[in-house]
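Remarks on the structure that follows.
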Amino acid sequence: MSYQTHEPYGTNSQSARTPTQHLAWRETLELHELTAFQSIVLMRCKLSLAKVSDPVLQNLYLESIQLLEKNLKELLPFFSYAPRHENVAAPHPDSGFWAGDLLGAAKTAVRNYAIAITETATPVLRNVLSKQLQGAIQWHANVYSYMNERSYYPSYNLGQLLENDITNAHSAIQMDY
């Protein structure tokens, strides 16, 4: 694959490179994961900002919002290099957001339990954590099924999956806070 150097995002770096053909499948999937996760977190930060009364914490939220918006704006141009192009109607954004937030929480729970089990020396605690890990896996499966059935997370249709990411990222960036 050949690459061209350009500076589309306001950087002065000579290493800012984008492909002239298309992204590899694995990097496309990583692009999806990063964009989907950051879009949900950005929406959650914007929804939460007004509820935060501590001025220092409010500033952390504002910095987070600005960082996430910048990240998404830098990632979005790469979707045009993804190995697909299918136009699909975007799902209802509210349900997709809340389901995506829940899926991210379930995925994080699975990872956290798996890590905690590797750090546990007490057999009875390990058994409890293992049982709870199985519950978190089922939780993730239930949320994923809900999302997949409604095309919020169409994992077998890369084109639609990436279009959903683009729509969610734009919605997150444009969302008031």
> Going through the checks in order, is the side-chain contact (heavy atoms from CB on, under 4.5 Å) test met by Asn164 and Leu161?
Replying inline: CA-CA 5 Å; Asn164 288 358; Leu161 185 72; 5.7 Å; no
> Does the side-chain contact (heavy atoms from CB on, under 4.5 Å) test come out yes or no for Ile65 and Glu69, once each step is laid out?
Replying inline: CA-CA 6 Å; Ile65 288 168; Glu69 284 182 345; 4.0 Å; yes
> Given Phe97 and Leu47, is the side-chain contact (heavy atoms from CB on, under 4.5 Å) satisfied, shown in steps?
Replying inline: CA-CA 12 Å; Phe97 163 72; Leu47 289 170; 3.6 Å; yes
>> Determine whether Leu129 and Arg126 satisfy the following criterion, side-chain contact (heavy atoms from CB on, under 4.5 Å), listing intermediate values before the conclusion.
In response: CA-CA 5 Å; Leu129 295 178; Arg126 185 180 303 111; 5.8 Å; no
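Within the model, atoms CG of Leu23 and CD of Glu30 stand 12.0 Å from one another, a figure rounded to the nearest 0.5 Å. Going from atom CD of Glu149 over to atom OH of Tyr144 covers 9.5 Å, rounded to the nearest 0.5 Å. The CD atom of Glu27 sits 12.0 Å away from the OH atom of Tyr81 when rounded to the nearest 0.5 Å. We find the CD-OG distance between Gln66 and Ser64 to be 9.5 Å, quoted to the nearest 0.5 Å. Note: Phe37 CZ to Leu42 CG = 11.5 Å, rounded to the nearest 0.5 Å. Taken to the nearest 0.5 Å, the OG atom of Ser80 stands 12.5 Å off from the NE2 atom of His22.
Checking each of Leu34, Thr167, Leu72 against Ser39 for a side-chain contact (heavy atoms from CB on, under 4.5 Å) leaves exactly one that passes, namely Leu72.
Trp25 and Phe79 fall within a single hydrophobic cluster, where Ile, Leu, Val, Met, Phe, Trp and Tyr are joined by side-chain heavy atoms under 4.5 Å apart, directly or via other members. At a threshold of 4.5 Å between side-chain heavy atoms, the hydrophobic network of Ile, Leu, Val, Met, Phe, Trp and Tyr places Leu102 and Val110 in two separate groups. Hydrophobic cluster membership is shared by Val52 and Leu62, with clusters built from Ile, Leu, Val, Met, Phe, Trp and Tyr side chains linked at under 4.5 angstrom. Clustering ILVMFWY residues whenever any of their side-chain heavy atoms sit less than 4.5 angstrom apart, transitively, puts Tyr61 in the very cluster that holds Tyr177.
Heavy atoms only, all atoms of each residue included: Tyr152 and Ser95 are closest at OH-CB, 3.0 Å. Nearest heavy-atom pair, Ser171 versus Met43, reported as atom, atom and distance to 0.1 Å: CB-CE, 3.9 Å. The two residues Pro154 and Gln160 have their closest heavy-atom pair at CG-CG, 3.6 Å. Residue Trp139 comes nearest to Ala109 through the heavy atom pair CZ3-CB, 3.8 Å, listed as atom of the first residue, atom of the second, then distance. Ala99 and Val143 get closest at one heavy-atom pair: O-CG1, 3.6 Å. His140 approaches Ala106 most closely through the heavy-atom pair CA-CB, 3.7 Å.
Using a 4.5 Å cut-off on side-chain heavy atoms (C-beta onward), Gln58 and Leu49 make contact. Side-chain contact check for Thr28 versus His32: every heavy-atom pair is 4.5 Å or farther apart. Inter-residue side-chain proximity for Asn168 and Thr35 is flagged as unmet; no heavy-atom pair is nearer than 4.5 Å. Looking only at side-chain heavy atoms (C-beta outward), Leu103 and Ile40 stay at 4.5 Å or farther from each other.
Partners of Lys70 according to the side chain to side chain donor-acceptor pair (under 3.5 Å) rule, which considers only residues two or more places apart in sequence or in another chain, are Glu74. When the salt bridge (charged side-chain N to carboxylate O under 4.0 Å, His left out) test is applied to Glu63, no partner is found at least two apart in sequence or on another chain.
A 6.0 Å sphere centred on OH of Tyr146 holds more than 12 heavy atoms belonging to other residues, nucleotides or ligands.
No donor-acceptor distance shorter than 3.5 angstrom exists from the side chain of Gln38 to the backbone of Leu68, with no hydrogens or angles considered.
Applying the side chain to side chain donor-acceptor pair (under 3.5 Å) test to residues at least two apart or on different chains, the pairs with a partner in residues 106-122 are Glu33-Lys107, Tyr113-Gln132.
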